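These notes are about the structure you will find just below.
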Amino acid sequence: MTEAAPHPVLVAPSLLAADFTRLAGEVAAVEAAGADWLHLDIMDGHFVPNISFGPAVVKALRPLTRIPFDVHLMIAPADPYLAAFAEAGAQWISLHPEAGPHLHRSLQTIRGLGCKAGVVLNPGTPAEAVAPVLDQIDLVLVMTVNPGFGGQSFLESQLPKIAALRRMIDDSGRDIRLQIDGGVTARTAPLCIAAGADVLVAGTAFFGAPDRAAAVAALRGGAA
Ligand code: DX5
Ligand code: ZN
């Protein structure tokens, strides 16, 4: 049995699935639809096999909305760019342990920049990877696809890891969000929530929906 998530479920649309010819309108639509955070996927063509956008785009979008910016770094090394993303207006910055040799130091740097810090676990990375840094993080992100692309299928093999992290977080007594990213839809959201997730990233399921407010409600409520 898993315990109920301690936070209300938040929805963070991933801009990766937006229409890049009209980013300003897409960001406005995220807030208008009642979503909670904007998830910004930063890819370098090296850590993951795709390239997206960098801090200049994050900075340009920041004045367009008041919702928190949740920056997911899929870059290696990440350390040289942490300050640029903080200065661009990120509230949350998350990175993968595989991005560098000094995870603890990177997390300290993020917090030192005034941001919330997160650790991202690839499908092949165990829950235990965050145990030594629980006192340095505000968020754990469980990838339910291999990072690099939107529109992939949800990996149900990750559900036990989500449940294990929920237990680890609850046992720690710390205020740490448990976020899921990849293939999250109205069908898979209830699985994530039942396992203990409290932040759901959704690219295709948000930007591809004809009614985005309904998509947020369906994801948040776990409705089919
Ligand atoms: C994948 C990214 C995801 C992606 C999710 O590397 O981290 O945030 O945009 O896209 P969907 O929701 O379509 O799986
Ligand atoms: Zn992401």
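None of these values were measured; they are calculated from a predicted model.
Linking Ile, Leu, Val, Met, Phe, Trp and Tyr whenever their side-chain heavy atoms come within less than 4.5 Å leaves V201 and V71 in two separate clusters. Note on V199 and I67: separate hydrophobic clusters, where clusters join Ile, Leu, Val, Met, Phe, Trp and Tyr whose side-chain heavy atoms are under 4.5 Å apart, directly or indirectly. Note: the hydrophobic cluster containing V119 also contains I162 (ILVMFWY, side chain heavy atoms under 4.5 Å, direct or indirect links). Hydrophobic clustering, with ILVMFWY side chains joined whenever heavy atoms are under 4.5 angstrom apart, groups F69 together with F20. V9 and W37 fall into different hydrophobic clusters, where Ile, Leu, Val, Met, Phe, Trp and Tyr residues are linked whenever their side-chain heavy atoms come under 4.5 Å apart, directly or through other members.
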Which atom pairs, one a donor and one an acceptor, fall under 3.5 Å between side chains of residues 134-149 and the rest of the protein, sequence neighbours left out?
from, atom 1, to, atom 2, distance (Å)
D138, OD1, R111, NH2, 3.1
D138, OD2, R111, NE, 3.3
D138, OD2, A117, N, 2.9
T144, OG1, D181, O, 3.2
T144, OG1, G182, O, 2.6

Ignoring hydrogens and angles, write down the donor-acceptor pairs under 3.5 Å from the side chains of residues 24-31, residues two or more places apart or on other chains.
from, atom 1, to, atom 2, distance (Å)
E26, OE1, R22, NH1, 3.0
E26, OE1, R212, NH1, 2.9
E26, OE1, R212, NH2, 3.4
E26, OE2, D19, N, 2.7
E31, OE1, T65, OG1, 2.4
E31, OE1, R66, N, 3.4

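To the nearest 0.5 Å, the span separating CZ on R166 from SG on C192 amounts to 12.5 Å. From Q179, atom CD reaches atom CH2 of W92 across 8.5 Å, with rounding to the nearest 0.5 Å. How far CG of L159 is from CD1 of I180: 8.0 Å, rounded to the nearest 0.5 Å. To the nearest 0.5 angstrom, L40 atom CG is 7.5 Å from D70 atom CG. Note that NZ of K161 and CG of L155 are 9.5 Å apart. Values are rounded to the nearest 0.5 Å. Between the NE2 atom in H72 and the CG atom in L95 there is a gap of 9.0 Å [rounded to 0.5 Å].
In this structure, A218 and A186 approach most closely via the heavy-atom pair CB-CB, 4.2 Å. Residues L219 and A189 come closest through the heavy atom pair O-CB, 3.7 Å. The two residues S157 and P160 make their nearest non-hydrogen contact at O-CD, 3.4 Å. When every heavy atom of A205 is checked against every heavy atom of V184, the shortest pair comes out as CB-O, 3.3 Å. Between P132 and A129, the shortest heavy-atom distance links the atoms CD-O, 3.5 Å. Here the shortest heavy-atom pairing between F154 and G183 reads CB-O, 3.4 Å.
For the salt bridge (charged side-chain N to carboxylate O under 4.0 Å, His left out) test, no residue two or more places apart in sequence or in another chain qualifies with D79. Residues satisfying the side-chain hydrogen bond (donor to acceptor under 3.5 Å, both in side chains) test with K116, not counting sequence neighbours, are none. Under the side-chain hydrogen bond (donor to acceptor under 3.5 Å, both in side chains) criterion, D211 pairs with no residue, sequence neighbours left out. Applying the side-chain hydrogen bond (donor to acceptor under 3.5 Å, both in side chains) rule to S94 yields no partners; only residues at least two apart in sequence or on another chain are considered. In this structure, S52 has no side-chain hydrogen bond (donor to acceptor under 3.5 Å, both in side chains) partners at least two apart in sequence or on a different chain. A83 meets the side-chain contact (heavy atoms from CB on, under 4.5 Å) test with E87, L113; sequence neighbours excluded. With sequence neighbours excluded, the residues that form a ring-ring contact (aromatic ring centres under 6.0 Å, His included) with F47 are H96.
With S106 contributing its side chain and G100 its backbone, the two residues share no donor-acceptor pair below 3.5 Å. Side-chain atoms of D36 do not come within 3.5 Å of backbone N or O of A12 as any donor-acceptor pair. The closest donor-acceptor contact from the side chain of D44 to the backbone of H46 lies under 3.5 Å.
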L165/I176 under side-chain contact (heavy atoms from CB on, under 4.5 Å): CA gap, chis, key distance, verdict: CA-CA 10 Å; L165 284 160; I176 298 172; over 6 Å; no
Any chance you could lay out the side-chain contact (heavy atoms from CB on, under 4.5 Å) test for R220 and I193, step after step, and finish with the verdict? CA-CA 9 Å; R220 201 196 305 280; I193 294 167; over 6 Å; no
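Within 6.0 Å of OH on Y81 lie no more than 12 heavy atoms contributed by other residues, nucleotides or ligands.
Screening residues 117-131 for salt bridge (charged side-chain N to carboxylate O under 4.0 Å, His left out), with sequence neighbours left out, gives no hits. Residue pairs meeting the salt bridge (charged side-chain N to carboxylate O under 4.0 Å, His left out) criterion with at least one member in residues 49-60: none, sequence neighbours excluded. Applying the salt bridge (charged side-chain N to carboxylate O under 4.0 Å, His left out) definition to pairs two or more places apart or across chains, none involves residues 45-58.
In this structure, the side chains of R174 and M168 stay at 4.5 Å or more apart for every pair of heavy atoms. In this structure, the side chains of I169 and R177 stay at 4.5 Å or more apart for every pair of heavy atoms. A 4.5 Å side-chain heavy-atom check between S14 and F206 finds every atom pair outside the cut-off.
A donor-acceptor pair shorter than 3.5 Å can be found between the side chains of H39 and D41.
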